[in-house]
Structure formats: C-alpha cells, structure tokens
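Down below is the structure, laid out as structure tokens.
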Amino acid sequence: MLLQLRNVFKWVQQGGQRIFLLKDINLEVAEGEFISIMGPSGSGKSTLLNVIGMLDTFDEGEYDFLSESVHTLKEKYRSNLYKEYIGFVFQSYHLLDDLTVEENLEMPLLYKKIKGSERKALVADMLDRFNIVGKKDLFPTQLSGGQQQLVGVARALIGKPKLILADEPTGNLNSQQSEEIMQLFKKLNEEEGVTIIQVTHSEKNAEYGSRIINLLDGRKI
Amino acid sequence: MFKNHLKIAWRNLKVNRLFSVVNILGLSIGLAVTLILFIFIRHEQSFDTMYTNADNIQRVLLHTDGDNGQEIWATVPPSLGPTMMIDVANVEYAARTLKNDFGGTASLRVLQQNFTENNLFWVDAELLHIFDIPFIKGQAKGALDRPNTAVLSETTAKKYFGTTDPIGKTFTVDGRYELEVTGVYKDFAKNSTLDCNIMASGITTGFFKNPSWNNASFETYCLLKPNTDLASTELQLQEMLNKNMEKENQWYTFSLQPMKDVHLYSSGYDNAYASRIGDIKEVRNLIYLALLILLIACINYMNLTTARSQKRAKEVGISKTLGSSSSSLVLRFYMETGLVTLISLVIGALLTSAAMPIFNAITGQDLSTDLLLNFEFLISLLAIWLVVTLISGLYPALYLSQFKPVIVLKSSIVQSKGNIFIRKGLVVFQFAASVVLIVGVLMISEQMDFIRNQKLGFDAENVVAISINGIKGTEKKDALVSELKGLGNVSSVSLAQGFPGMEVSGRSLSRNDDDKESLNIQTNVTDASVIDVLQLKLLAGRSLPIFKQEKDTLVEVVLNKKAVDYLGYTPEEAIGKTIFISVPNTIVGVVDDFNFASLHEPIGAYAFHNNTGERKSFALVRYKIAANSTTIDQLETVFKNVAPNTAFEYSFLDNNLEKLYVRERRAAKVGFVFSMLAIFIACLGLFGLAAFMGEQRKKEIGIRKVLGASIMGITQMLSKDFVKLVFIAMLIAFPVAYWLMDKWLSNFAFHVDMSYSVFIIAGISALVIALFTISFQSVKAALSNPIKSLRAE
Ligand SMILES: Nc1ncnc2c1ncn2[C@@H]1O[C@H](COP(=O)(O)OP(=O)(O)OP(=O)(O)O)[C@@H](O)[C@H]1O
Ligand SMILES: [Mg+2]
C-alpha cells in the first residue's frame with residue numbers, strides 16, 4: 001500500500017459557514033497504480049491532489065503515506081517526505097524562467113543535497129532519456145509548450161519518486177503533444193512501476209489510467 | 001484628461017499601500033530635514049542684514065605672521081579707529097569695541113547688589129552712528145559721548161534695575177568705574193553679531209583715551225561712504241599706517257571685511273569677541289547632508305516605482321495600443337509622482353514644526369518655524385516640490401513610458417538588464433552613503449573620546465578658577481589666598497592671569513633684545529604655586545619665587561620645553577639664563593610641554609612669569625576630593641569674607657576645556673541624527689524593495705518549495721542578493737569615508753589614528769541593519785503557501 005486516505009474532510013470558513021472542499025474522502029492507492037481524477041471544474045480535484053502531495057493540509061480524517069501518519073507529522077518531516085517520494089507536474093509547467101533546462105532539472109537534486117558529480121550524471125541521463133540533450137542550454141521561454149512539459153515531467157522524475165502527481169498536465173497542450181505526454185506516463189508506469197495520479201478533463205487521457213476517481217462537490221462518486 | 005490621470009494616480013496610491021507608505025514616509029522625512037536646514041541656512045544668511053547701513057559697514061581685520069603662517073585677527077590696535085576716521089577719506093565713522101577685561105567678565109555693583117556680567121563692552125560713541133540700534137529709553141544720539149556713561153539692553157536693564165527707571169542711575173564696574181545709565185536699547189536681534197548686554201563709553205578707560213599702535217585687542221567697525229571702493233580704502237589704510245608707524249615696525253597690515261560676511265566667514269580668524277560665530281563650512285556640510293538625505297528618499301521612490309514596473313508594464317502596453325503617446329504617459333507618471341511628493345511635502349512641513357525644537361536643542365539654535373508661513377518661503381516650497389518631483393519621477397517616467405507594447409503584452413517580460421543594473425546601483429549608492437555616514441559618526445566620536453582622555457601635560461580635574469577682578473589691592477588678594485588655603489579640602493591655591501584653555505597675553509620670545517627672529521609665546525603672570533595647582537611636570541630648576549619685593553624689577557620666568565627648545569638650551573642649561581619677552585627675564589624653571597590651547601593646535605611656547613604689569617584675574621584652587629556643592633559653598637563663604645562687595649564667579653577648568661570643542665560636539669550630534677535618518681530612509685527603501693522582490697518571485701518561491709526548498713534556504717536566497725549589494729556599497733564607501741575623515745582629522749594637531757575597527761563596525765552595522773530589514777520580508781515570502789502562489793494562473 002502506497003497511501004491511504006480515511007474520512008478526509010477539508011473546509012474553509014466563509015461568513016460563519018463551513019464550505020467543504022473535500023467531503024469524507026476514502027482512497028487507497030497501491031504502488032504501481034495509474035489513477036485519473038475527473039470531475040467538473042471546482043469539484044475539488046486540485047485540492048485532493050495537493051492534499052495527497054502534502055502541499056495542503058486537511059481538517060479531519062487520517063492520511064497514511066508509506067505507513068507514516070501524515071496528519072500527525074510536523075511540517076518539516078512532511079516536506080522531507082514529499083521531497084523524497086513525490087514528483088509534481090503542473091498544467092502550466094512551472095519551470096523557472098531564469099534557469100536553463102539543465103539547471104531546472106538539477107534543482108530538485110540540489111534540495112535533496114545530492115553531490116555534484118552524481119547530479120551531473122542524473123541530469124545527463126534524464127536529458128538523454130527525454131531526447132532533449134540539444135535543448136539543455138535553452139531557457140524555458142525558448143521552448144514550445146510540449147517541450148516545456150517534457151522538461152516538467154523530467155524534473156518530476158529526476159529524484160526517482162515513487163509517486164507522480166500531475167494536475168492537468170496536458171491542459172495547455174495540443175492533442176499531439178498531449179498524446180506524447182500520456183504515452184510517456186504509460187511507459188513510466190508500466191516499465192518502471194512509478195505510481196501516477198493525474199487530474200484530467202479528457203476522457204481520452206483518463207483511459208490511459210487503470211482506475212478513474214470521479215469527484216463532485218468535494219465528494220467521491 | 002488631467003482629472004482622469006489624477007484619479008488613476010490616487011487609485012494606484014491606495015492600492016499599493018506598502019509602497020505608498022514607504023515612499024511618503026521616506027520623502028516626508030527627507031523633506032522635513034531639508035526644510036529645517038533651509039530655515040537654518042536662511043537664518044545664518046540673514047545675520048546683520050537688519051542694520052540700515054549694513055551694506056556700508058566693514059570690520060577691520062589685522063594680518064600678521066604667526067607661528068603657523070599668516071594669521072588673521074578680528075581685533076586691531078586702539079589707535080586705528082580714531083585715526084582712520086580722520087585720515088581715511090572714505091571712512092565716515094569708526095568705532096572700537098573692547099570686551100571688558102579683554103574678553104573676561106565684569107563684576108558689577110548695582111543698587112547695593114553684586115552681579116557678574118559677561119557681556120559688557122567698552123565702545124566708542126560712534127558705534128551708535130554706525131549701527132542703528134533702536135532705543136526704548138533715552139536716545140542713541142549722544143548717549144555715550146561723555147565718559148562714565150553706559151547704555152543697557154532691555155533685558156539687562158530689567159535684570160539689574162527691575163522696575164526702577166534706570167536712566168540717571170549709576171553702577172560700578174570691577175570696583176573701578178562708576179557709570180551712569182543714559183539709555184536702554186531693544187535687545188539685539190537673534191541674528192545680530194553684535195550682542196552686548198551693556199555698552200559703556202570707551203573713553204572712560206585709559207585704553208581708549210591713550211590709544212597705541214600695539215595691543216591689538218579692539219574689534220573695530222567702520223561705516224564707509226556709500227559706493228566706496230574697498231581696495232582703494234584698504235590702500236588708504238596702508239598709507240595711514242605708514243604715516244604713523246615706521247615701515248620696519250609694522251608687524252601687521254589691515255583689510256576690510258563686509259559686515260554681512262562677518263558671521264559666516266570668520267571662523268578662521270582669531271580674537272573676535274562675538275560669541276555668535278557661524279561657519280560657512282558647517283552650513284555647507286549641512287546642505288550636503290540634507291541633499292544626500294533627500295536624494296536617498298528620492299531614490300526610494302525611483303527604485304520602488306521601477307521595481308513595480310513589471311506590473312505597470314501591462315498598463316502601459318495596453319494604453320499604448322489604445323493610442324496613448326509616450327509624452328502623455330510621461331505626464332501620467334509625473335502626475336503620480338507629483339501627488340506623492342505633494343502629500344510628502346505637507347507631512348514634511350508638519351514634521352518640520354514638530355522637529356524644530358529638537359533641532360534647536362541639538363544645535364543650540366533658537367529658530368522658529370514662523371518662516372514656513374512666509375510668502376517667499378512658500379514660493380521656495382513650490383520650487384522644492386517641483387525639483388523633488390522632477391528628480392524622483394525622471395527615471396520611472398522615462399523608463400516606463402519607453403516600454404514597447406509588443407514586448408510588454410507578451411505576458412512574460414524579461415526585466416531588462418539595464419533596469420536591474422540601475423536599480424541595484426541606486427541601492428548601492430544609498431548604502432554607500434549610509435556607511436560613509438556611520439564611519440563619520442564613529443570616527444568623530446572616537447576623536448571626541450580621544451580629546452576627553454588625552455594626557456594634556458597638566459591636570460585640569462579638580463581645579464576651580466574663581467574670578468578676582470573685583471578684588472582691589474594685594475593685601476586683600478593675599479588674604480583670600482591664605483583663607484582658601486585654610487580650607488580642609490583645598491590642597492593649593494595660585495593667583496594667575498589665566499589658565500590653560502584660555503588666551504593669555506601673546507608676546508614674542510628671543511634670546512637677545514636685538515634678535516631679528518622671535519617666537520610667539522603666551523605669557524601668564526602668576527605665582528609660585530601654579531606648578532602645584534596645575535600639576536605641571538618640572539623638568540629643571542624650580543617654580544617662581546614665593547616672595548617678590550614690591551620694588552623688585554627682576555622678572556623671573558618658568559618656560560615650557562617648547563620655548564627652551566627654541567632658545568637652543570637643554571632644560572638644565574636654561575636655568576639662570578636671561579632671555580627677552582618684551583623685557584629681560586631670568587629663567588628659573590622649565591616645565592614639560594602641556595596643551596594650553598585646544599588640541600586643534602600644536603603646542604606652542606608658554607611662560608609663567610611674575611612681571612607685575614598685568615592683572616591676575618583668577619584664583620586657581622586645587623582641591624583634594626572632587627568638588628561638590630559644599631566645596632563651592634565654602635569657597636564662596638571665604639570669598640565673601642574677603643570681598644563682600646564682589647560677585648562670586650567660578651568655573652571648573654575641565655569644563656572650560658570642554659568648551660573648546662563645542663563646534664565638534666555639535667557636529668557630532670547633528671551628524672549622528674542625520675546619519676540615523678539617512679540610514680532609516682535607506683532601510684525603508686530596502687524594506688519596500690525586499691517586499692517587492694518577495695512578491696515578484698512568489699511563483700519561483702512556490703516552485704522551489706514544491707521541489708523541496710526549506711524556509712531557511714528560501715530566506716537565504718532572497719537575502720543574498722541584497723547582502724551582495726551592501727558589500728559592494730562598503731567597497732565604495734570605505735575609501736570615500738577614509739578620505740573624508742582623514743581630512744577632518746587633519747584639523748586637529750592631536751588626533752586618533754584611523755582605525756580598522758571603525759570600518760569593521762560600520763560595515764557590520766550596515767550589514768546587520770540591511771539583513772534585519774530584508775529578513776522580515778524574506779521570511780514572510782518563504783513562509784507563504786506555495787499552492788496559493790502557484791494557483792494564480
Ligand atoms: N483556500 C480556499 N478558500 C476558499 N475556497 C477555496 C480555496 N481553495 C479552493 N477553493 C474552492 O474549492 C473548490 C475546489 O477547488 P479546486 O481547485 O480543487 O477545483 P478543481 O476541481 O481543481 O477545478 P478546476 O477543474 O477548475 O481546476 C473551488 O470552488 C475553489 O473555489
Ligand atoms: Mg484544478
């Protein structure tokens with residue numbers, strides 16, 4: 001079991017009223033799964049993903065990640081936990097504009113305090129695998145959207161995470177570029193056993209996964 | 001259009017609250033400082049302009065060769081005044097002024113009571129022709145024509161005569177002159193150099209009646225005929241001198257100084273009696289400081305505005321695509337700047353009136369903010385507003401209006417390298433200025449400490465100087481000495497003409513009477529105990545003899561080392577030799593050098609002698625344990641026993657020495673306050689900039705946090721850039737500060753060496769202050785929730 005959410009609630013207080021963003025979420029994810037989260041806009045998909053990624057807190061319920069109880073962990077341990085095991089991919093890529101492709105890839109390794117020579121090797125390896133060696137000295141703004149997302153996925157993978165969380169990774173891409181990214185996810189999942197949870201609006205993309213979770217108003221249906 | 005611009009400007013101010021507060025606060029302080037200094041400078045420049053004849057009044061200066069090259073004295077021989085009035089065609093009136101006892105105090109007896117008056121001047125009646133001094137009682141005309149007459153200022157008249165009409169009443173000065181009050185004049189204005197409490201008719205005294213071409217102790221003013229050429233008048237003065245003095249005896253020449261320059265341009269001149277002496281250098285330094293502070297405040301504005309330019313760029317781009325011209329955009333940004341500076345100016349003016357008393361307390365001035373309501377001043381205020389708006393708005397307006405819409409609208413604009421460079425440069429400038437100021441303040445205070453702790457070669461602590469001018473007759477003075485010696489806490493007593501820290505008589509020293517070469521020497525008539533009282537170090541011989549016969553004309557002298565060095569003797573050789581200081585003197589002792597003048601000057605020659613020509617004006621009393629009010633009470637009781645009709649006036653020697661550095665201490669205080677303000681404003685700017693950077697890099701911070709960056713790491717990352725700038729600022733500031741302080745220290749013959757520690761402390765303080773300012777914003781940015789910053793897409 002990679003992670004388990006039990007009776008998770010999340011709410012915000014608005015005008016003396018509780019607005020529920022997540023309602024009684026129960027979810028088990030085994031290692032090697034490829035899950036797609038779907039639902040209308042505002043249904044809480046991103047919120048759930050952020051809770052899973054430990055970027056966001058919740059108000060009630062329990063969350064175990066690799067048999068650590070996340071809900072009792074201090075912020076510092078939590079950040080060590082996700083730094084170690086989780087990679088994030090965003091709809092708008094979120095690459096750093098001031099850094100080259102190579103430097104962007106290197107960043108997570110810096111925060112994991114990995115030695116320089118090892119970093120170089122890992123980055124070179126990743127560039128090679130994603131076929132972007134020729135682009136390594138370019139800045140993100142000099143790349144197409146698809147290429148940027150490729151770098152985004154590479155960055156998420158470089159720390160050898162067990163879990164990749166992707167929030168509408170293809171939302172800004174055309175259908176051909178989407179296809180490529182999805183193929184890549186599928187390959188990673190099948191060949192390397194990386195667990196993937198993605199949020200998507202597209203039925204077609206959701207098909208790549210092994211399981212679909214539907215959300216409506218913060219509730220699993 | 002105009003109204004629309006104004007509306008947008010106001011909205012921008014309200015939306016960006018932090019930036020508005022930082023900008024307005026900084027500018028308000030900068031402007032308040034400028035306004036205060038403006039008032040101060042106007043006051044300094046207004047000196048002596050209230051006299052109707054101000055343009056035609058001149059003060060006579062005397063030029064002579066001193067130890068350290070040319071000296072200029074503000075005092076001239078007494079013969080000059082009356083002679084120039086007759087012999088120099090251009091001169092209408094000339095008047096001599098002599099402060100009582102050549103700069104000392106006067107002891108008065110008025111209506112059976114004793115007073116000490118330290119502002120009594122003996123003057124020629126012509127003074128009242130030259131300066132139109134308004135009279136309240138009696139009239140200026142003829143008031144001082146007769147000997148033994150005097151006029152009093154309004155306050156002084158009230159102080160001494162209370163409600164009694166003083167006209168026709170008499171009072172006694174130093175138990176010697178009886179004067180009749182012939183008039184009361186309005187107190188001198190705050191900006192008048194002339195500031196006598198009592199003007200007594202000079203011809204009462206022998207000095208005025210039998211004038212000489214020596215004894216250059218008379219400050220002399222003259223009124224020239226309108227439109228007189230100064231150079232030709234100075235030539236006439238020289239001709240007059242030639243007529244009255246052999247060429248080879250002329251040890252001085254004269255020049256004229258316009259009255260309006262007297263206040264600000266006399267700081268280098270010796271011997272003036274005026275206490276209200278300004279210094280154009282001080283005024284200039286203050287102007288530089290004020291401009292610096294204002295500039296730092298303007299830089300805040302430029303920096304914060306351009307830093308925000310990325311946000312504004314879109315606005316510009318859109319306006320441009322909608323057909324707005326560059327010039328219209330420049331106007332719009334200037335409107336915004338003008339609004340900010342206007343608000344700041346109003347707040348600054350309020351701050352000014354609140355801070356004026358503080359400025360007055362620090363500088364010992366008595367300025368009022370009334371000037372702020374003056375029409376002329378309001379005009380200059382308008383000018384200040386325009387200039388500040390122009391400077392602050394220049395860079396933002398030009399920079400922003402030049403944005404190309406195409407680039408701007410492509411959402412991710414890369415900040416131009418040049419823009420960042422200029423902004424960093426401005427921050428560096430601010431901090432460099434701050435570091436220079438910190439170094440300056442530290443260095444000045446080190447020098448002040450040095451002065452306080454410097455071994456002066458004598459011990460000024462635990463010595464009281466009691467004025468004995470009012471005591472007549474040797475027996476009474478001797479009685480005073482023996483009674484004082486009888487007190488338990490008194491260890492020794494000496495009567496002397498003066499003491500270290502005050503001018504005594506300047507003469508010249510030579511080996512033989514006919515020597516062409518001579519050395520200026522300060523001579524102080526005193527007695528045997530002086531070495532004990534001052535704790536001087538005797539190198540050879542002994543002190544002055546204890547007894548001196550009434551008719552004994554032999555003059556004994558104790559010289560300092562500098563004097564015997566000049567004579568070419570060792571201290572031992574010097575004993576018994578006869579040398580010349582106006583008259584033959586026999587050397588009986590040699591003391592080690594001591595700082596009898598301020599530490600600005602190198603030690604010169606000094607002589608203690610017992611020639612009875614001059615008056616001993618002080619009883620110097622050394623006591624055993626630190627004086628308290630009982631000690632002083634005891635001294636006063638003894639004094640009153642001996643001289644019941646004389647006012648008891650005393651001062652502590654160490655306090656008198658402190659007074660030699662009033663100007664430096666004031667500079668130190670003003671410098672300190674201004675530096676703090678400058679640093680504060682610079683920090684405000686840094687605070688705003690750091691806040692902006694935090695906001696601008698919000699997304700980056702979010703990404704980095706998601707990728708595992710720690711809060712500490714983010715804080716460091718955000719602070720690092722600024723710290724780098726502070727280091728660069730130090731690199732620039734240190735040589736500048738070194739150069740400036742080296743120059744300042746060279747004003748002192750005795751000074752501390754420039755120490756590394758001052759620079760290190762200044763650097764560390766700047767760094768700590770900057771870090772503290774930045775870290776607040778950096779931590780805030782680092783703590784921010786990454787999801788929030790990343791969602792904004
Ligand atoms: N901090 C918050 N305060 C108040 N409401 C919030 C907060 N965070 C999220 N929401 C609300 O919670 C709901 C769920 O948001 P969420 O971003 O998870 O939706 P989503 O399913 O990802 O939508 P989309 O498909 O548009 O991305 C939305 O209605 C959103 O407005
Ligand atoms: Mg979403």
What verdict does the side chain to side chain contact (heavy atoms under 4.5 Å, CB included) test give for B/V706 and A/F90, after you've listed the backbone C-alpha separation in whole Å, the side-chain angles of each residue and the deciding distance to 0.1 Å? CA-CA 11 Å; B/V706 167; A/F90 304 94; 3.8 Å; yes
Using a cut-off of under 4.5 Å for heavy-atom pairs, which of A/L55, A/D167, A/L110, A/L95 has the most such pairs with chain B? A/L55
Atom CD of A/E192: over 12 foreign heavy atoms under 6.0 Å: yes
Within a reach of under 6.0 Å around NZ of B/K698, are more than 12 heavy atoms found that belong to other residues, nucleotides or ligands? no
Say you draw a straight line from CD of B/E700 to CG of A/D97; how long is it, rounded to the nearest 0.5 Å? 9.0 Å
Between the CG atom in B/N785 and the OG1 atom in A/T57, the distance rounded to the nearest 0.5 Å is 8.0 Å
Taking the side chain as every heavy atom from C-beta outward, state whether B/L707 and A/R155 have any atom pair closer than 4.5 Å. yes
Turns out that what part of A/N50 lies under 4.5 Å from chain B's heavy atoms comes down to side chain
So does A/F20 have more than 12 non-hydrogen atoms from other groups sitting under 6.0 Å from CZ? yes
Heavy-atom count around A/K220 NZ within 6.0 Å, excluding the residue itself: above 12? yes
Structural part of A/I158 lying under 4.5 Å from a heavy atom of chain B: neither
A/L96 versus B/R704: any side-chain heavy-atom pair under 4.5 Å? yes
With rounding to the nearest 0.5 Å, note down the distance linking OH in A/Y111 to NZ in B/K705. 11.5 Å
